[in-house]
A.B. asks: 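There's a structure below that I have some questions on.
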Amino acid sequence: MLQITRIKQDKLNVINGLKKKRFPEAEKEIERVLALDQQRRETQTSLDNLLAESNQMARKIGQLIKEGKSSEAEEAKTKTSDLKRQSKDLREKLSQLENQLNELLLNIPNIPHPDVPQGTDAVDNEIIYQNEVKVDLTEGALPHWELVKKYDIIDFELGNKITGAGFPVYKNKGARIQRALVNFFLDQALEAGYQEIQPPVLINQESGLGTGQLPDKEGQMYQLKEENYYLIPTAEVPVTNIYRDSIIDKKNLPIKNVAYSLCFRREAGSWGSHVRGLNRLHQFDKVEIVQIHTPENSYLGFHEMCEYVKGLLQQLELPFREVRLCGGDLGFTSTITHDMEVYAAAQDKWLEVSSVSNFETYQAHRLKLRYRTEDKKTRLLHTLNGSALALPRVLAALLENNQSEKGVKIPKVLIPYAGFEWIE
RNA sequence: AGAGGGUUGGCGGAGUGGUCGAACGCGGCGGUCUUGAAAACCGUUGUCCUUCACGGGACCGGGGGUUCGAAUCCCUCACCCUCUGCCA
């Protein structure tokens with residue numbers, strides 16, 4: 001959520017930023033916010049004055065009763081009834097204004113960083129890095145959805161039977177390679193100084209609001225109506241919400257957390273014939289990294305995270321590129337996002353396996369996540385997160401790129417984790 | 001799931017209608033003392049809104065109500081604890 005003070009002080013840049021993000025009617029919405037805020041403050045002032053008067057009267061009445069002057073007290077009581085009615089009205093008006101303002105702000109996205117390129121969709125994204133790894137596919141190479149059948153390691157039909165589309169069953173070396181990937185990713189993160197967290201996979205509404213999945217992505221999350229809980233779409237939500245409503249001691253910064261979790265996404269509307277096999281699932285495994293920084297340091301953290309993720313892909317010997325998302329493709333809550341895409345050779349597609357973002361104060365404002373400055377003031381922190389990594393597409397690329405007549409070769413770093421060198 | 005008890009500041013813990021934003025203890029911060037530290041002693045110590053400022057206002061789990069006045073009374077929701085039930 002954007003801060004009103006920022007909108008006031010930096011209106012033009014905010015509007016331009018929203019336009020870059022292709023937010024419709026930016027000027028109009030911002031003017032509405034400012035007008036509502038003006039009204040809100042005026043109402044608050046009148047209410048405060050009224051309450052101040054009431055408080056004074058109440059104190060006076062108490063005094064009179066103590067002194068035994070009951071008739072004077074009664075007289076004063078009748079006077080206050082009018083104040084009471086007025087303050088009740090104002091209170092209602094104020095909370096209405098606050099709700100309206102909140103509603104409006106909740107639906108205004110974050111402002112992109114100046115480095116974010118203009119553009120409307122993925123076509124306008126900027127490729128800022130691509131590594132040197134090349135793939136030599138043998139004749140008759142298969143896409144991963146064929147390979148998993150051939151080696152009997154992932155069963156999509158079985159998943160359909162048990163649950164439905166997008167809930168695959170991992171079997172044999174398929175299950176073991178999953179476990180290997182998770183452990184490899186977690187160990188790497190620990191080595192890089194991340195603290196490991198195992199969060200709940202169900203979250204309440206407040207947590208969803210805190211990181212901005214609500215109200216923006218309500219339809220994308222599975223919901224437990226009975227309890228009003230949501231299945232997490234990413235560990236970002238529970239992990240970042242650990243720090244909701246807190247003032248962090250500066251000496252504990254930066255915070256670096258890593259969490260492995262299952263992720264659940266309805267992917268409503270985005271299911272189609274072009275998404276096959278592991279390319280898009282309703283349930284998948286992901287290791288997520290989260291960092292919390294002071295505003296001064298958050299871009300150091302951002303770049304560190306990008307480099308870290310690239311290091312993982314390099315170790316897995318996968319061809320990948322780093323893509324800076326353009327304004328139109330940028331997520332609702334993000335200031336800047338770099339996607340890491342691996343090349344899956346058999347289907348000849350780049351697959352997103354990680355998304356590293358800096359949210360600056362956008363989440364922190366909703367989360368009330370602050371730290372104390374030298375002069376003892378509280379100030380919003382910056383939150384960041386990234387996948388490190390999401391498993392299915394990494395696996396898809398590994399299978400497709402490393403296949404040969406002999407089978408699928410496991411990358412060196414994973415062999416100690418997997419306990420085998422080939423899927424055959 | 002049923003019955004009962006509870007939720008107060010960073011923590012512990014008073015407070016059951018009238019200067020209570022809240023005693024007291026611990027912790028934190030500043031100081032005195034000390035070569036330094038500890039101990040002792042003195043002072044200080046919540047968040048948010050509003051105002052250029054003085055100041056004003058809100059917050060004692062969340063929401064609502066009673067009252068001139070609520071941390072204190074009532075309703076409701078959430079959570080925690082104990083016992084019973086169920087269960088990996």
Side-chain angles (χ1 to χ4, degrees), chain A residues 1-9 33-105 198-210 214 223-230 238 241-253 255 262 361 363-381:
Chain A
M1 185 151 70
L2 295 178
Q3 297 161 85
I4 295 272
T5 45
R6 176 170 177 195
I7 296 176
K8 274 199 279 200
Q9 287 164 10
V33 168
L34 291 176
L36 267 174
D37 179 58
Q38 181 67 29
Q39 271 188 67
R40 194 206 100 236
R41 289 202 326 274
E42 281 165 10
T43 310
Q44 167 111 45
T45 308
S46 344
L47 176 63
D48 283 357
N49 290 338
L50 222 64
L51 288 175
E53 208 178 320
S54 303
N55 287 343
Q56 225 170 35
M57 289 293 274
R59 245 168 270 158
K60 197 172 127 198
I61 290 167
Q63 196 63 36
L64 288 172
I65 289 171
K66 240 182 215 167
E67 289 166 8
K69 300 175 182 166
S70 54
S71 61
E72 283 177 52
E74 285 308 316
E75 199 181 318
K77 275 189 198 179
T78 56
K79 278 188 192 164
T80 57
S81 68
D82 197 41
L83 284 177
K84 213 183 147 188
R85 210 197 60 245
Q86 283 182 48
S87 67
K88 194 176 174 178
D89 289 350
L90 274 178
R91 220 187 275 269
E92 244 160 63
K93 188 179 168 196
L94 181 65
S95 85
Q96 254 176 38
L97 287 168
E98 280 171 348
N99 287 342
Q100 281 175 37
L101 189 57
N102 207 32
E103 184 73 16
L104 217 54
L105 284 171
Q198 214 178 83
V201 295
L202 299 185
I203 51 143
N204 58 28
Q205 202 165 6
E206 245 186 312
S207 295
L209 282 168
L214 293 174
Q223 191 171 4
L224 274 75
K225 289 265 191 264
E226 196 84 346
E227 309 282 351
N228 204 11
Y229 292 157
Y230 297 85
N241 271 283
I242 290 174
Y243 307 99
R244 168 151 49 89
D245 254 318
S246 42
I247 299 172
I248 309 279
D249 201 323
K250 206 175 170 185
K251 68 170 183 272
N252 294 326
L253 293 169
I255 286 169
L262 288 172
T361 58
Q363 291 183 329
H365 186 219
R366 289 192 190 182
L367 290 162
K368 297 190 179 69
L369 167 54
R370 297 148 293 169
Y371 73 106
R372 207 175 292 284
T373 58
E374 310 298 337
D375 55 339
K376 308 274 185 209
K377 294 245 192 309
T378 58
R379 194 167 166 222
L380 292 175
L381 284 159

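In what follows, chains carry the letters A, B, and so on, assigned in the order in which the sequence lines appear, proteins first and then strands, with residues in each chain numbered from 1.
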A.B. asks: Test of understanding: with side chain to side chain donor-acceptor pair (under 3.5 Å), list the residues that count as partners of K69(A), not counting sequence neighbours.
C.D. replies: E67(A)
A.B. asks: Write down the distance between CG (L105(A)) and P (rC49(B)), rounded to a whole number of angstrom.
C.D. replies: 14 Å
A.B. asks: Quickly work out the E206(A) CD to rG62(B) C1' distance and round it to whole Å.
C.D. replies: 9 Å
A.B. asks: Rounded to whole angstroms, how far apart are CD on E42(A) and P on rC49(B)?
C.D. replies: 18 Å
A.B. asks: Roughly how many Å apart are rG13(B) and rG30(B), using the P atom of each and rounding to a whole number?
C.D. replies: 29 Å
A.B. asks: When you compare the side chains of Q96(A) and Q100(A), does any donor N or O come within less than 3.5 Å of an acceptor on the partner?
C.D. replies: no
A.B. asks: Would you say the side chain of Y230(A) lies within less than 4.5 Å of the side chain of L214(A), judging by non-hydrogen atoms?
C.D. replies: yes
A.B. asks: Can you give one letter per nucleotide of nucleotides 56-61 of chain B, 5' to 3': B if a protein heavy atom sits under 4.0 Å from the base, S if only from the sugar-phosphate, - if neither?
C.D. replies: BSS---
A.B. asks: Hey, are the side chains of K93(A) and L47(A) touching, using non-hydrogen atoms and a 4.5 Å cut-off?
C.D. replies: no
A.B. asks: Does a side-chain heavy-atom distance below 4.5 Å link K77(A) with I61(A)?
C.D. replies: yes
A.B. asks: Below 3.5 Å between N/O atoms, which protein atoms pair up with nucleotides 28-31 of chain B? Just atom names and distances, please.
C.D. replies:
none

A.B. asks: How about N204(A) and S207(A): does a side-chain donor come under 3.5 Å of a side-chain acceptor?
C.D. replies: yes
A.B. asks: Please tabulate, one pair per line, each protein N/O and nucleotide N/O from nucleotides 51-53 of chain B that are separated by under 3.5 Å, including the distance.
C.D. replies:
| from | atom 1 | to | atom 2 | distance (Å) |
| --- | --- | --- | --- | --- |
| rU51(B) | OP1 | R41(A) | NE | 3.0 |

A.B. asks: Is the shortest heavy-atom distance from the side chain of N241(A) to the side chain of I203(A) under 4.5 Å?
C.D. replies: no
A.B. asks: For RNA chain B, whose closest nucleotide is more 5', that of I65(A) or that of R370(A)?
C.D. replies: I65(A)
A.B. asks: What residues form a side chain to side chain contact (heavy atoms under 4.5 Å, CB included) with K79(A), not counting sequence neighbours?
C.D. replies: M57(A)
A.B. asks: When both hydrogen-bonding distances must be under 3.5 Å and the geometry is Watson-Crick or G-U wobble, what is rC29(B) paired with, if anything?
C.D. replies: rG43(B)
A.B. asks: Round to a whole Å and report the spacing from CD1 of I247(A) to P of rC11(B).
C.D. replies: 12 Å
A.B. asks: Just wondering, do L105(A) and I7(A) contact through their side chains at under 4.5 Å, heavy atoms?
C.D. replies: yes
A.B. asks: With the side chain counted from C-beta on, respond yes when V33(A) and L101(A) share a heavy-atom pair under 4.5 Å apart, and no when they do not.
C.D. replies: yes
A.B. asks: Give one of base, sugar-phosphate or nothing for T78(A), where a contact means two heavy atoms less than 4.0 Å apart.
C.D. replies: nothing
A.B. asks: Does any N or O in the side chain of T361(A) come within less than 3.5 Å of the main-chain N or O of H365(A), such that one atom is a donor and the other an acceptor?
C.D. replies: no
A.B. asks: Suppose you measure atom C1' in rG21(B) against the same atom in rC59(B); what distance do you get, rounded to whole Å?
C.D. replies: 9 Å
A.B. asks: Roughly, in whole Å, what's the span from NZ in K368(A) to C1' in rG62(B)?
C.D. replies: 12 Å
A.B. asks: Find out whether E103(A) and N99(A) are in side-chain contact, i.e. whether some heavy atom of one side chain is under 4.5 Å from a heavy atom of the other.
C.D. replies: no
A.B. asks: Between rG69(B), rU50(B), rU47(B), which nucleotide has the shortest distance from any of its atoms to the side chain of A58(A)?
C.D. replies: rG69(B)
A.B. asks: Using atom P of each nucleotide, how far apart are rC48(B) and rA38(B) to the nearest Å?
C.D. replies: 31 Å
A.B. asks: Please state the C1' separation for the pair rC79(B) and rG61(B) - nearest whole angstrom.
C.D. replies: 8 Å
A.B. asks: Expressed in angstrom and rounded to an integer, what is the separation of D37(A) atom CG from rU50(B) atom C1'?
C.D. replies: 11 Å
A.B. asks: How far does the C1' atom of rG17(B) sit from the matching atom of rC74(B), given to the nearest Å?
C.D. replies: 13 Å
A.B. asks: Just jot down the side chain to side chain donor-acceptor pair (under 3.5 Å) partners of Q198(A), sequence neighbours excluded, or say none.
C.D. replies: none
A.B. asks: Using the C1' atom on both, measure rA22(B) against rG12(B) and round to a whole Å.
C.D. replies: 16 Å
A.B. asks: Could you tell me the separation between the CZ atom of R244(A) and the P atom of rC79(B), rounded to a whole number of Å?
C.D. replies: 14 Å
A.B. asks: More 5' along RNA chain B: I61(A) or T378(A), using each one's nearest nucleotide?
C.D. replies: T378(A)
A.B. asks: Taking only side-chain N and O atoms of R372(A), does any of them lie within less than 4.0 angstrom of OP1 or OP2 on rG46(B)?
C.D. replies: no
A.B. asks: Of the candidate nucleotides rC68(B), rU47(B), rG65(B), which contains the atom at the shortest distance from the side chain of K88(A)?
C.D. replies: rG65(B)
A.B. asks: Roughly how many Å is it from CZ in R85(A) to C1' in rC68(B), rounded to a whole number?
C.D. replies: 16 Å
